Structures are given as structure tokens and as C-alpha cells.
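First up is the structure itself, then whatever we jot down about it.
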Amino acid sequence: MSNKNTSEIKFQIELDENRVPEKLMWSAKDGGVELEEAKAIMLSIWDSKAKESMRIDLWTKDMPVDEMKIFFHQTLVAMSETFKRATDDEKMADTMKDFCDYFAEKLDLVK
């Protein structure tokens with residue numbers, strides 16, 4: 001019998017009367033995170049049988065738009081880095097990073 005480790009990540013979402021997120025909390029005990037507040041969550045899950053991605057995109061109604069733009073930019077940059085590690089396709093990863101630079105420039109995120 002093998003010893004398998006498991007890890008758990010939990011999300012707790014407080015909703016208003018219209019089911020709009022007011023508060024997002026997350027926990028990952030293995031990472032030392034316990035009920036930390038967040039303003040936005042983007043989660044992608046690959047369904048191998050259907051060959052499609054499923055996703056959960058949530059943000060609180062008080063998430064500032066300027067922070068949302070930064071969040072998207074940082075997520076796109078992270079996705080390009082993950083793409084490179086996952087596929088070893090340096091050329092496409094560089095193309096994705098070029099788009100991230102363009103995205104940041106158009107949103108005046110570059111300082």
C-alpha cells in the first residue's frame with residue numbers, strides 16, 4: 001500500500017442578497033494560509049474527458065477597477081511563464097510576454 005499525501009485548498013465566498021460576492025476568503029493549510037481575504041479569484045480546471053477548460057471567475061463588488069487591471073496583467077504574465085514551463089515552447093511564451101507588455105502599455109500600467 002502506498003502512502004499518498006493530499007492537500008486541500010478551500011474558498012469561502014460571502015454573497016449578498018443578489019448572490020454577488022461581498023467577501024472572498026481562501027485557505028491552504030500546507031502553504032500556511034488560513035482564511036486570507038482576497039478581492040478576486042480566477043481558477044481554471046482542465047476537463048480531460050471533454051477536452052475543455054472550466055473556470056471560476058469571482059470578484060467582490062468593491063474590487064477597484066485599477067486593481068483588476070493589474071490583477072489581469074499579472075495573471076497573463078504568470079500564464080506565459082507557466083506555458084513556457086509546461087510546454088517548453090519558448091517562442092510562443094515570448095509572444096505571450098510581448099502581448100503582456102502591450103497590454104500593460106495600453107492600460108498605462110508601465111511606470
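Count residues from 1 along the sequence. Keep in mind that what you see is a predicted model, and the values were worked out from it rather than measured.
In this structure, M79 CE and F99 CZ are separated by 10.5 Å, a value rounded to the nearest 0.5 Å. Atom CG of D57 is separated from atom OG of S44 by 7.0 Å, given to the nearest 0.5 angstrom. A distance of 13.0 Å separates NZ of K69 from NZ of K106, quoted to the nearest 0.5 Å.
Nearest heavy-atom pair across A93 and S80 is CB-O, 3.9 Å. Contact record, M42 with F71: CE-CE2, 3.2 Å, taken as the closest heavy-atom pair. Minimum interatomic distance between W59 and M68 (heavy atoms only, all atoms of both residues): CG-CE, 3.4 Å. Taking every heavy atom of both residues into account, K39 and D62 meet most closely at NZ-OD2, 2.9 Å.
K61 is linked by a side-chain hydrogen bond (donor to acceptor under 3.5 Å, both in side chains) to D16, E22, counting only residues two or more places apart in sequence or in another chain. Scanning for side-chain hydrogen bond (donor to acceptor under 3.5 Å, both in side chains) contacts around T87 gives an empty result, with sequence neighbours left out.
A salt bridge is defined here as a Lys NZ or Arg NE, NH1 or NH2 lying under 4.0 Å from an Asp or Glu carboxylate O, and D88 with K84 meets this definition. A salt bridge links K10 with E8: the distance from a Lys NZ or Arg NE/NH1/NH2 to an Asp or Glu carboxylate oxygen falls below 4.0 Å. The pair K49-D47 does not meet the salt-bridge criterion, since no charged nitrogen lies less than 4.0 angstrom from a carboxylate oxygen.
Think of V65 as one node in a network of Ile, Leu, Val, Met, Phe, Trp and Tyr side chains linked at under 4.5 Å; it has no links at all. Grouping Ile, Leu, Val, Met, Phe, Trp and Tyr by side-chain contacts under 4.5 Å, direct or through others, puts L35 with M25. M96 shares a hydrophobic cluster with F83, M92; the chain of contacts runs through ILVMFWY side chains whose heavy atoms sit under 4.5 Å apart. Taking Ile, Leu, Val, Met, Phe, Trp and Tyr as hydrophobic and joining them when side-chain heavy atoms fall under 4.5 Å apart, one finds W26 in a cluster with I9, F11, I13, L15, L24, V33, I41, L43, I45, M54, I56, L58.
In this structure, F103 places its CZ atom where more than 12 heavy-atom neighbours from other residues, nucleotides or ligands lie under 6.0 Å away. In the displayed structure, E37 atom CD is contacted under 6.0 Å by more than 12 heavy atoms of other residues, nucleotides or ligands.
By the criterion of side-chain heavy atoms lying less than 4.5 angstrom apart, applied directly or through intervening Ile, Leu, Val, Met, Phe, Trp or Tyr residues, I70 is not grouped with V77; the two fall into different hydrophobic clusters.
The closest donor-acceptor contact from the side chain of H73 to the backbone of C100 lies under 3.5 Å.
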